[in-house]
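Below: the structure, in C-alpha cells.
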There are 2 protein chains.
Amino acid sequence: MPSSESSGGSVWLRPERPPRDRRLTRGRIVDVAVAVLDAEGHRGLSMRRVATELGVTAGSLYWYVDTKDDLLELALDRVLAEVRAGAGTSDWRDGLAALARSNRAMLLRHRWALSELTVRPNLGPNALALAETGLRLLERAGFAGPDLDAAMAAVNDHVVGAVIAEAAWRDTLARMSGTGSGWDERAAEYLRQAAERHPTLAGRMAATGEIDVERESERRFAFGLGCLLDGLAVRCATPSPS
Amino acid sequence: MPSSESSGGSVWLRPERPPRDRRLTRGRIVDVAVAVLDAEGHRGLSMRRVATELGVTAGSLYWYVDTKDDLLELALDRVLAEVRAGAGTSDWRDGLAALARSNRAMLLRHRWALSELTVRPNLGPNALALAETGLRLLERAGFAGPDLDAAMAAVNDHVVGAVIAEAAWRDTLARMSGTGSGWDERAAEYLRQAAERHPTLAGRMAATGEIDVERESERRFAFGLGCLLDGLAVRCATPSPS
DNA sequence: ACCTGAACACCGTTCAAGT
DNA sequence: ACCTGAACACCGTTCAAGT
C-alpha cells in the first residue's frame with residue numbers, strides 16, 4: 001500500500017471533485033445578466049440576483065468581473081452581436097438602411113441597452129465589427145475622410161435617438177393604462193390645459209391618440225432615415241443608382 | 001393680562017417660529033437636485049444627499065415628492081427650460097437648426113438628462129412648450145399631418161443621438177487618460193489587434209486620434225443636421241428660400 | 001484557484017411620533 | 001401641516017477564511 005490519501009478512509013468516500021472545480025464562467029454570468037435585464041429591465045439587475053440565479057454567492061462574481069459596470073459592458077456587447085448586416089446588397093442605401101433597421105430591432109428587444117449607450121464607451125469586439133461594416137458601406141458610397149465618420153455617426157445617431165423616443169412613448173402609454181382610476185382624469189385635465197397653450201401640439205396629439213404605436217414608430221423611423229440618406233446621397237461622390 | 005401662552009415664560013424666550021414653518025419647497029428641492037446632478041452626475045444623486053444639502057432628513061422629501069423618479073422628472077423639465085428658440089428667424093431651416101443647437105448645448109451642459117430621456121415620458125410644461133415651437137417651425141415649412149410628427153421626431157432624434165455619441169466618446173477619452181500606467185499599453189495592444197481585423201475602422205481611428213473632440217463633434221452634428229434638413233426640404237411643400 | 005460568509009457603507013421608502 | 005428618527009429591505013464591494 002502506497003499509503004495515505006490525505007483524508008482517511010476509502011477514495012470512494014471522498015466525492016470526486018468537479019472536473020475543473022469551477023462553477024462559473026464569464027460567459028455564463030453574462031448569459032444570466034442579459035436574461036435578467038431582458039426580463040426585469042435595468043432596475044432588476046443586481047449582483048446578488050445574478051449570483052443566486054447561478055447558485056452562488058454575490059462575492060464570487062467578482063472573481064470574474066471587476067465591477068457591475070464591467071458586467072453591463074459585457075452584456076451590451078453580447079446583444080450587439082445580434083445586429084446583422086444585410087447580405088451583400090449592391091446598393092449602399094439599401095445596405096445601410098438594412099443595417100440601421102437591424103440595429104433598431106435589437107435595441108427594441110433589449111431596451112436596457114439604451115441606458116448603457118448613454119454612459120459607456122462601448123469598445124467591445126461586436127461594436128467594432130459593426131462599425132467596420134457600416135464604414136465599408138459608406139466607403140463604397142464614396143465617402144472618405146472626416147465625412148465618412150460624420151456620415152456613419154449621422155445614421156447611428158438617428159437609430160439611437162429614434163429608439164429612445166419610441167421607448168419613452170411606449171413607457172408613457174404603459175404608465176397611463178397601467179395605473180387605476182384617477183390617472184386618466186388628471187391626465188386628461190392636464191393635457192386639456194396644455195392644449196390651450198399649445199394649439200399645434202394639441203392638434204397633433206389628438207390625431208396621434210388613435211394610432212398604433214408600432215406602425216407609427218416604424219413610419220417615423222423610415223421617414224427620418226429617408227431624409228438622412230437623401231442628404232447623404234447629395235454629399236457623396238457616387239450617387240445611388242436609381 | 002389675557003393670560004397664558006401655552007408654554008410658560010416670556011414670549012421673547014420662545015423663538016419666533018418661521019413665517020410659514022415650512023422649510024422646503026418643490027422648487028428648492030429641484031434646485032439642489034439639479035446642482036448635485038450637474039456636479040456629481042447621475043450616480044451622485046441620492047435622497048439623503050439632497051436632504052442633507054437642505055439641512056433636513058431624507059424622509060421629509062417625501063412630503064413634496066412621491067418618489068425619486070418624480071424628482072428626476074422635475075429636474076429634467078427644469079433644465080429643459082434652458083432651451084431657447086432663436087428669435088423669430090424668417091427661414092424655417094435656420095430656426096430649426098438654432099433650436100436643435102440650443103437643445104444640444106443644454107444636453108451637453110446637463111449630461112445626466114440623457115439618462116432620463118431614455119426612460120421617462122417627459123410630459124413637463126417645458127417639454128410641451130418646446131415641442132410646440134418646433135412644430136410651428138415645421139408647419140411654417142409646409143409640413144402637416146403625420147409627416148409633421150415624423151419631421152419633428154427626426155430632428156429631435158438626431159440631437160439626442162448625437163449628444164449620446166459625443167458623451168460616450170468623451171467618457172472614453174476621460175477614462176483613458178484618467179487611469180495610471182498600464183491602461184495605455186493594454187488599450188494600444190487591444191486596438192492594434194482590432195485594427196488587423198477592421199482595416200477601415202482602423203484608418204479612421206488613426207485619423208481621429210489627433211483631433212479636437214469639441215470641434216469634431218460640432219462638425220459631425222452640423223453634418224448630420226444638414227443631411228436631415230436637406231431631406232426635409234425635399235419633402236415639404238415650401239422649399240427653403242435660397 | 002475559486003468560492004463562502006460576513007461585514008462595511010451605503011441606498012429608497014415607510015411610518016409612527018413629535019410639534 | 002410638516003418634519004424627525006428609526007426601521008425595513010435592499011444595494012455594490014471587500015476580504016479573510018475555507019477547500
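Please read all numbers here as calculations on a predicted model, not as lab measurements. Just so it is clear: chains get the letters A, B, ... in the order the sequence lines come, proteins before strands, and each one is counted from 1.
Using a 4.0 Å heavy-atom distance criterion, B/T57 is classed as a base contact. Residue-level contact check: B/L54 touches neither bases nor backbone, having no heavy atom under 4.0 Å from any strand.
Dashed line: the shortest gap from a side-chain N or O of B/T67 to OP1 or OP2 of C/dT13 is under 4.0 Å. OP1 or OP2 of C/dC2 has not a single side-chain nitrogen or oxygen of A/S60 nearer than 4.0 Å. The shortest distance between the side-chain N/O atoms of A/R22 and the OP1/OP2 oxygens of C/dA1 is not below 4.0 Å. Distances shown here put a side-chain N or O of B/R23 below 4.0 Å from the OP1 or OP2 atom of D/dT4. The shortest distance between the side-chain N/O atoms of B/Y64 and the OP1/OP2 oxygens of D/dC3 is below 4.0 Å.
B/R49 places its CZ atom 20 Å from the C1' atom of C/dT13, with the value rounded to the nearest Å. The CE atom of A/M47 sits 12 Å away from the P atom of D/dC11 (whole-angstrom rounding). Between the NZ atom of A/K68 and the P atom of D/dC11 there is a distance of 9 Å, rounded to whole Å. Look at CH2 on A/W63: it is 17 Å from P on D/dT13, rounded to the nearest Å. Between the C1' atom of D/dC3 and the CG atom of B/L61 lies a distance of 11 Å, rounded to the nearest Å. In this structure, the OH atom of A/Y62 is 14 Å from the P atom of C/dT4, given to the nearest Å. Across the protein-nucleic acid pair, B/L45 atom CG and C/dG12 atom P stand 7 Å apart, rounded to whole Å. Atom CZ in A/R43 sits about 12 Å away from atom C1' in C/dC11, given to the nearest Å.
Contact annotation: the side chain of B/L72 approaches that of B/L37 to within less than 4.5 Å [non-hydrogen atoms, C-beta and beyond].
Salt bridge status for B/R170 with B/E214: present, with a side-chain N to carboxylate O gap under 4.0 Å. Looking at B/E216 and B/R219, a side-chain N of the basic residue comes within less than 4.0 Å of a carboxylate O on the acidic one, giving a salt bridge. Ionic pairing of A/D31 and A/R78 is present here: one or more N-O contacts between side-chain nitrogen and carboxylate oxygen are shorter than 4.0 angstrom.
In this structure, B/R192 places its CZ atom where more than 12 heavy-atom neighbours from other residues, nucleotides or ligands lie under 6.0 Å away.
Nucleotide D/dC8 forms a pair with C/dG12, judged by Watson-Crick or G-U wobble geometry with both contacts under 3.5 Å. Base pairing of D/dT19: its partner is C/dA1, meeting the Watson-Crick or G-U wobble criterion (both donor-acceptor distances under 3.5 Å).
The gap from the P atom of D/dA9 to that of C/dA9 amounts to 22 Å, rounded to the nearest Å.
The side chain of B/R48 sits closest to C/dC11 out of C/dT4, C/dC11, D/dC11.
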